[in-house]
Amino acid sequence: MVARRKVAVVGAALSDCGRVDDATPYALHAQAARRALADAGLDRTLVDGFASAGLGTLAPVEVAAYLGLRPTWVDSTSVGGSTWEVMAAHAADAIATGHARAVLLVYGSTARADVRAGRRTGTLSFGTRGPLQFEVPYGHTLIAKYAMAARRHMIEYGTRIEQLAEVAVQARANAALNPEAMYRTPVTVDEVLAGPMIADPFTKLHCCVRSDGGAAVLLVAEEYVRDCRTSPVWVLGSGECVSHAAMSEWPDFTVSPAAVSGRLAFERAGVRPSEIDVAEIYDAFTYMTLVTLEDLGFCAKGEGGAFVEKGRLRVEGGELPVNTDGGGLSAQHPGMRGLFLLVEAVRQLRGECGQRQVRRGDGTLPRLAVASGTGGWFCSSGTVVLGAG
C-alpha cells in the first residue's frame with residue numbers, strides 16, 4: 001500500500017478583476033496561472049495535473065493547451081460555483097496517492113464585459129432539457145429559486161429580511177478594507193431593503209455583483225514545499241455532495257448540501273467548526289451565506305438569522321470573519337466563484353491580507369480556515385478545510 005503524501009497549497013493568485021474590458025477569458029486564465037506559479041516560486045514544468053471548467057468545448061484540453069501545459073492528470077468536473085472546492089478535493093487525493101505531483105486549478109471569465117459588449121445577455125439560462133423542462137415554462141429563474149428557498153427559511157424559522165440584509169452590510173464592510181473590491185462604499189440595512197426588487201424577498205444588494213476576473217491555485221506534494229517561496233497551507237480535509245436537479249426533488253429548502261460536505265470535511269480534517277478562524281462561503285445571494293453557516297455547524301438550524309446579527313461576520317471585531325475580501329456580494333463575482341474562496345482563505349492563513357487581515361484573540365494569525373462552495377440552485381457543495389503551515 002502506497003503511503004499517502006501530505007498536500008499543500010503553495011500558490012494562490014487572482015488575475016485582474018472587476019472591470020476588465022480588454023482581455024479574453026483565456027488571457028485571464030493565463031494571467032492568474034502565471035501569478036500563482038510566481039507566488040509559489042515554481043516552474044510550470046513541475047505541473048503535471050490540471051483542472052479547469054467553464055471555458056471552451058473541452059475545457060481542460062483547450063485551456064491547458066493555451067497555457068502550454070501537457071498534463072497527465074486532468075479534471076473538468078463542472079458543478080457550478082462549488083466546482084473548485086470539489087476539484088481541490090480531487091487534486092489533493094490525486095497528489096496524496098502519487099497520481100500527480102503538482103496540480104494547477106485555474107478559472108477566468110469576462111462575464112461582465114461580455115454583457116457590456118453585447119456578446120451575451122444578462123440572463124443566465126441552463127436550457128430547457130432534462131429535469132428543467134418541468135420548471136422553465138413557469139419562469140422559474142435561477143434567482144427565483146434562491147429567493148423561494150430564502151422565503152421558506154423565513155416562514156419555517158422566523159428569519160427576518162433585516163437579518164438577511166445584515167449579510168450584505170457586513171460583506172460590504174469587509175470589502176471596504178479590500179482595495180481590489182469592486183464596491184467599497186458602506187451600506188446600511190435600510191439601504192439594502194430600499195433597493196429595487198429582483199426576486200422577492202431579494203432586492204438588488206441581496207444579489208452578487210457581476211464582474212470579470214480569474215483565479216488560480218497550485219497544490220503540490222509535501223516534498224516540493226521546501227522549494228517554494230511561500231509558506232505552505234495544508235489541505236486537511238474535504239467533502240463534496242450533490243443534492244437535487246429539480247427544485248421539486250429537493251427534500252428541504254432550508255438544508256443545503258453543505259450539511260453533508262461540511263460534515264465530511266471537518267471529520268476528515270479532525271477539527272470542529274468551533275476551531276475555525278475564518279470562513280470563505282459562496283454568496284451569490286445573502287441567503288446562501290446564512291444557510292451555509294447553519295449547515296457547516298457554526299450555529300444550529302434555524303439560528304442563522306440571529307447568528308449573522310451584531311457584526312459576527314466582520315473582519316473588524318467579528319467572532320467569525322466571513323468572506324473577508326467582500327465576497328461575491330461586493331468584491332467580485334465573475335461566474336463560478338469557488339476558486340476565489342480558496343485564494344482568499346490561503347492568503348488569510350499566510351497573513352497577506354493587509355488591512356483586512358484576520359487576527360485571533362491573542363493577535364496571532366489564523367490557523368484554520370474553511371472554504372465552502374455552492375453550485376447551481378443549492379444542487380452541489382464542496383467544502384475544504386485548510387491549515388496554516
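Bear in mind that the values here come from a model prediction, so they are computed numbers and not experimental data. For the single chain, residues carry numbers from 1 onward in sequence order. All heavy atoms count here, side chains included; hydrogens, waters and symmetry mates do not.
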**Asked** Does the side chain to side chain contact (heavy atoms under 4.5 Å, CB included) test come out yes or no for Thr286 and Leu329, once each step is laid out?
**Response** CA-CA 8 Å; Thr286 53; Leu329 293 170; 4.0 Å; yes
**Request:** Dump the intermediate steps for salt bridge (charged side-chain N to carboxylate O under 4.0 Å, His left out) on Arg112 and Asp21, then the final yes or no.
**Result:** CA-CA 8 Å; Arg112 173 202 152 273; Asp21 292 314; 2.9 Å; yes
**Message:** Using salt bridge (charged side-chain N to carboxylate O under 4.0 Å, His left out), reason through Glu344 and Arg356 one step at a time and then give a plain yes or no.
**Reply:** CA-CA 11 Å; Glu344 180 67 10; Arg356 70 179 189 277; 2.9 Å; yes
**Message:** The test is salt bridge (charged side-chain N to carboxylate O under 4.0 Å, His left out); show your working for Asp295 and Arg263 and say whether it passes.
**Reply:** CA-CA 9 Å; Asp295 292 336; Arg263 174 179 56 78; over 6 Å; no
**Asked** How far apart are the C-alpha atoms of Val189 and Leu193, what are their side-chain angles, what is the distance that settles it, and do they pass the side chain to side chain contact (heavy atoms under 4.5 Å, CB included) test?
**Response** CA-CA 6 Å; Val189 168; Leu193 301 185; 4.0 Å; yes
**Asked** Does the side chain to side chain donor-acceptor pair (under 3.5 Å) test come out yes or no for Tyr157 and Glu303, once each step is laid out?
**Response** CA-CA 8 Å; Tyr157 297 107; Glu303 295 181 3; over 6 Å; no
**Message:** Run Asp325 and Arg337 through salt bridge (charged side-chain N to carboxylate O under 4.0 Å, His left out) and show every step you take.
**Reply:** CA-CA 13 Å; Asp325 62 346; Arg337 192 177 180 272; 2.8 Å; yes
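Rounding to the nearest 0.5 Å places CG of Leu105 at 9.5 Å from CD of Glu85. One finds the CD atom of Gln348 at 14.0 Å from the CZ atom of Arg367 (value rounded to the nearest 0.5 Å).
Shown here for Phe298 and Phe307, the closest heavy-atom pair between the two residues is O-CE1, 3.6 Å. Of all heavy-atom pairs between Ala30 and Leu67, the closest is CA-CD2, 3.4 Å. When all heavy atoms of Gly108 and Leu28 are compared, the pair lying nearest together is CA-CB, 4.3 Å. Closest of all the heavy-atom pairs between Tyr224 and Leu46 is CE2-CD1, 3.5 Å. Pairing each heavy atom of Asn174 with each of Leu313, the nearest pair is ND2-O, 3.2 Å. Closest heavy-atom contact between Phe340 and Cys17: CE2-SG, 3.8 Å.
Taken together through direct or relayed side-chain contacts under 4.5 Å among Ile, Leu, Val, Met, Phe, Trp and Tyr, Val225 and Leu37 form part of one hydrophobic cluster. In the hydrophobic clustering of this structure, Val260 does not group with Met288; members are Ile, Leu, Val, Met, Phe, Trp, Tyr whose side-chain heavy atoms approach within less than 4.5 Å, directly or through other members.
Side-chain contact of Arg350 with Ser231: a donor-acceptor pair under 3.5 Å is absent, judged by distance alone. When only modelled atom types and interatomic distance are considered, Thr324 and Glu280 share a side-chain donor-acceptor pair under 3.5 Å. Using modelled atom types, one finds no donor on one side chain facing an acceptor on the other under 3.5 Å when comparing Asp190 with Thr188. Looking at Gln357 and Arg347, their side chains never bring a donor and an acceptor atom within 3.5 Å of each other. A donor and an acceptor atom, one from each side chain of Ser82 and Thr374, are nowhere located under 3.5 Å apart.
Trp84 places a side-chain N or O within donor-acceptor distance of the main-chain N or O of Met336, the cut-off being under 3.5 Å. Proximity of a side-chain donor or acceptor of Thr364 to a complementary backbone N or O of Arg360 within less than 3.5 Å is not detected. Remark: the backbone N or O of Ala246 is not paired with any side-chain donor or acceptor of His244 at under 3.5 angstrom. Without hydrogens or angle criteria, Trp73 side chain to Ala91 main chain gives no donor-acceptor distance under 3.5 Å. Looking only at distances, a side-chain donor or acceptor of Asn323 sits under 3.5 Å from a matching main-chain atom of Ile281. The backbone N or O of Leu236 sits nowhere less than 3.5 Å from a side-chain atom of Trp234 that would complete a donor-acceptor pair. Checking side-chain atoms of Asp48 against main-chain N and O of Ala102 turns up a donor-acceptor pair under 3.5 Å. At distances below 3.5 Å, not a single donor-acceptor pair connects side-chain atoms of His333 with backbone N or O atoms of Arg210. Looking at Thr83, its side chain does come within 3.5 Å of a backbone N or O of Gly80 through a donor-acceptor pair. Although no hydrogens or angles enter the test, the distance criterion places no donor-acceptor pair under 3.5 Å between the side chain of Arg312 and the main chain of Leu320.
Annotation: cation-pi pair Arg272/Phe266 absent, no NZ/CZ under 6.0 Å from the ring centroid and within 45° of its normal. Tyr183 carries Arg19 over the face of its six-membered ring, with the cationic atom under 6.0 Å from the centre and within 45° of the normal.
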Return a table of donor-acceptor pairs under 3.5 angstrom between the side chains of residues 143-153 and protein atoms on other chains or two or more places apart.
| unit_1 | atom_1 | unit_2 | atom_2 | d |
| --- | --- | --- | --- | --- |
| Lys145 | NZ | Glu135 | OE1 | 2.9 |
| Tyr146 | OH | Gly376 | O | 2.3 |
| Tyr146 | OH | Phe378 | N | 3.4 |
| Arg151 | NH2 | Asp200 | OD1 | 2.9 |
| Arg151 | NH2 | Asp200 | OD2 | 3.3 |
| Arg152 | NE | Glu156 | OE1 | 3.4 |
| Arg152 | NH2 | Glu156 | OE1 | 3.1 |
| His153 | ND1 | Thr159 | OG1 | 2.7 |
| His153 | NE2 | Glu294 | OE1 | 3.1 |
| His153 | NE2 | Glu294 | OE2 | 3.1 |

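Looking only at side-chain heavy atoms (C-beta outward), Val235 and Val9 come within less than 4.5 Å of each other.
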